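Inspection log for the structure reproduced underneath, given as structure tokens.
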Amino acid sequence: MKNAQLSATFDQMADIMEILGQDRFRINSYRKVARTIGELPVDVAMLLEEGTLGKMPGIGKSSLAKIQEYLESGKIAAHEALLEKIPTSLLELLEIPGMGPKGVKAFYDKLKITNVDELKKALADGSAATLPGFGEKKAAALQKGIEFLETSAGRIRLDQAADAAHMVIGHLQRLPGIDRVEPAGSLRRRAESIGDVDILVTTGADKKKSGLTPKEIIALFTTAPFVERVLAAGETKGSAIVQTETTPVQVDVRVVPAESFGAALQYFTGSKPHNVRLREIAVKAKLKLNEYGLFRGERLVAGATEEEIYEKLGLDFIAPALREDRGEVEAAANHSLPKLLQQSDVKGDFHMHTLASDGRAEIEEMAEAAQTLGYAFICITDHSESSIIANGQTPKRLARQIEKIHKVDARLRGITVLAGAEVDILADGKLDFDDALLAHLDFAIASIHSGLGSPRAKVTSRTLKAMDNPYITCIGHPTGRLIGQREAMDIDMAAVIEHAAQTQTALEINANPYRLDLKDTHCRMAIDKGVKLAIGTDAHSAAGLGLMPFGVATAARGWATPGDVLNTLTPARLKTFLKTKRPR
DNA sequence: GCCGTTTTCGGCCCGACTGTTTTCAGTCG
């Protein structure tokens, strides 16, 4: 599948065009193509063949021809021509925070600097200072930028971002005269990875008496003990690197007046493409939308709440999870947004481990923890024999574990404990337990834990074959990715989803923030094909059950309604559902 | 390069912060 490479190629063309100072609107359209292709849940070649690719917004004739050219020959002539114009190493300079296309061009034209090492030297020996409009502070900023690039981990996981936000919000809430403190940005949208954390603050109405000025609030943020380095500190906006337990995180804090809170929350929640769509709608209606409100001329039309802004733009309210410019603006305009799944709809958890394999708690502890979360059922799914490092169960041990689960289920009131297993899909697509044993389970997850780097045809056929088994309820973490650590398997998700629909097999949303697998776009595709989703935390302790909201958010980002997700069923309805695939 | 119940040509989102600018360009989100 060439989606990622093709997307990167369009982005690179845009980068080079920026350095060359070409038309910014054309550059924008290249960026849009890159983003569209990068987010596709299926192989771009398949869509091209179907003839649907050219119908996607932002992909016109010219881009379509380039995509076709790339898929046929592995390159794009226009891309090759651009590469001729500058040394490719200039593109790595663009990665440096504080360095933009103009800066790269100036360093190249005037000082013949083509890479990061040469830039470092020029900054050290003072030759950079000979550039017009380039002083000491800019040199220091670039040096910091290079340092940051060389040490930062890049994007962080959702749970790490949530931790950082929790820390900063706690600090800000203790300041005098603070009214509201809310996270915004990709954290509020619950994106699968986060670049930086955005936090919004409003001061109370009595700020003149007892409170602080915006500038003072920013100063108290940037001087907080957890702040490692200040990137900017202005009148209303501060930006700093904050140290958390696991990783440094960039946190931006913005102070806004209460009457603009909704506008600011909307603006800083993004996503950027979503906001651009909204501002375009505003312009067409002779309005102007910015972080202070929706304006007709000088007059404020809306701004205190997000709801009134969407309403005044003629749109239904759009949940943060949907704000990605993936059709939500159109759906809001014609009142066809889905009623999204929420955590309160969830009645149970499908994936967890106990002491029987690599978990750290007894079955009872997991069940009791689930009850405190208000659940009506859980499913115990320990590993199978082949997962040796995870202390996988032999058939004999699984038989004993099933009995044990039944006993706990009989003893506990108010919660149904189902007997399950996470069964390895072996190299040939066979399962790690035979059908006679699987038949004793209520719920069986089939997962690939080995050979993730195998060719597309192999990992795909292994998964399809597992779904053919009548006792397999669900495919676990279907793509095998680990966010920021391991690429997804090269698996044909269109085929997997199609086969899941045919065999009435559910697909898991693994709620662990390392996985979030299925991801949002695949969830949406599965839902469109009528495939049911089963959210599981993959908990290895009672505390691990608390990861469920990450899975719920991922489902919501895939436009899931309560009806699309098995977790919303009562135990009785779930048991009925679990019989549908089995031989009678 | 894309796009069209204002347009097939002429538009294409908006503002904060920084540095070195005496009025603004570059970068970022």
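Not measured: the values here are computed from a predicted model.
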Partners meeting salt bridge (Lys or Arg N to Asp or Glu O under 4.0 Å) with A/Lys120 (sequence neighbours left out): A/Glu150

Of residues 32-56 of chain A, the positions that come close to DNA chain B - non-hydrogen atoms, cut-off under 4.0 Å: none

Ring pair (Phe, Tyr, Trp, His ring centres under 6.0 Å) partners of A/Phe25, counting only residues at least two apart: none

For A/Asp520, salt bridge (Lys or Arg N to Asp or Glu O under 4.0 Å) partners two or more places apart: A/Arg326, A/Arg557

Base-contact (B) and sugar-phosphate-only (S) positions in nucleotides 18-29 of chain B, heavy-atom cut-off under 4.0 Å, - elsewhere: SSS-----SSSB

Ring pair (Phe, Tyr, Trp, His ring centres under 6.0 Å): pairs with one or both residues in residues 51-98 of chain A, sequence neighbours excluded: none

Any residue of residues 110-126 of chain A with a heavy atom less than 4.0 Å from an atom of DNA chain B: none

Are there any protein N/O atoms within less than 3.5 Å of an N/O atom in nucleotides 6-12 of chain B, and if so, which ones and at what distance?
| residue | atom | partner | partner atom | Å |
| --- | --- | --- | --- | --- |
| B/dT6 | O4 | A/Lys286 | NZ | 2.8 |

Any residue meeting salt bridge (Lys or Arg N to Asp or Glu O under 4.0 Å) with A/Asp11, in chain and number order, not counting sequence neighbours: A/Arg31

With A/Asp23 via salt bridge (Lys or Arg N to Asp or Glu O under 4.0 Å) - residues at least two apart: none

Close approaches to DNA chain B from residues 312-335 of chain A, in residue order (heavy atom, under 4.0 Å): none

Within residues 58-70 of chain A: residues closer than 4.0 Å to DNA chain B (heavy atoms): A/Gly58, A/Ile59, A/Gly60, A/Lys61, A/Ser62, A/Ser63, A/Lys66

